[in-house]
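Bear in mind the structure is a predicted one, so any value in this text is a computation, not a measurement.
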Amino acid sequence: MTERVIVRAKDPCGIYFCLHGPRSVKCTAIWETDTNTILFYGASGERFLRTQLSSASALQVAA
């Protein structure tokens, strides 16, 4: 699994998650902290689900 912080104008704005499966299959999700939404993408790269979170903690980047 890969996890990376997404940065816009030097400020964190989300997290990218990628699950690496067998035969180079990749399923990804992006948590957008601005809208507090998670976008899910299938192995073909198409978005198949959008989930609105009710609440979440603030995203902070470690120094």
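Put simply, F48 and V25 are part of two different groups of oily side chains (I, L, V, M, F, W, Y) that touch within less than 4.5 Å, one to the next.
When all heavy atoms of C27 and A43 are compared, the pair lying nearest together is SG-N, 4.2 Å. Annotation for I38 and A29: closest pair CG2-CB, 4.3 Å, computed over non-hydrogen atoms. Taking all atoms of both residues into account, the shortest heavy-atom contact from V5 to P12 is CG1-CB, 3.8 Å. Between C18 and T28, the closest heavy-atom pair is SG-CG2, 3.7 Å.
When side chains are defined from C-beta on, I30 counts as touching Y41, because their heavy atoms get closer than 4.5 Å.
When each of T51, I6, T37, N36 is checked for a side-chain contact (heavy atoms from CB on, under 4.5 Å) with W31, only N36 meets the rule.
We find the CG-CD distance between L19 and E3 to be 12.0 Å, quoted to the nearest 0.5 Å.
Heavy-atom contacts from other residues, nucleotides or ligands closer than 6.0 Å to CD of Q52 number more than 12.
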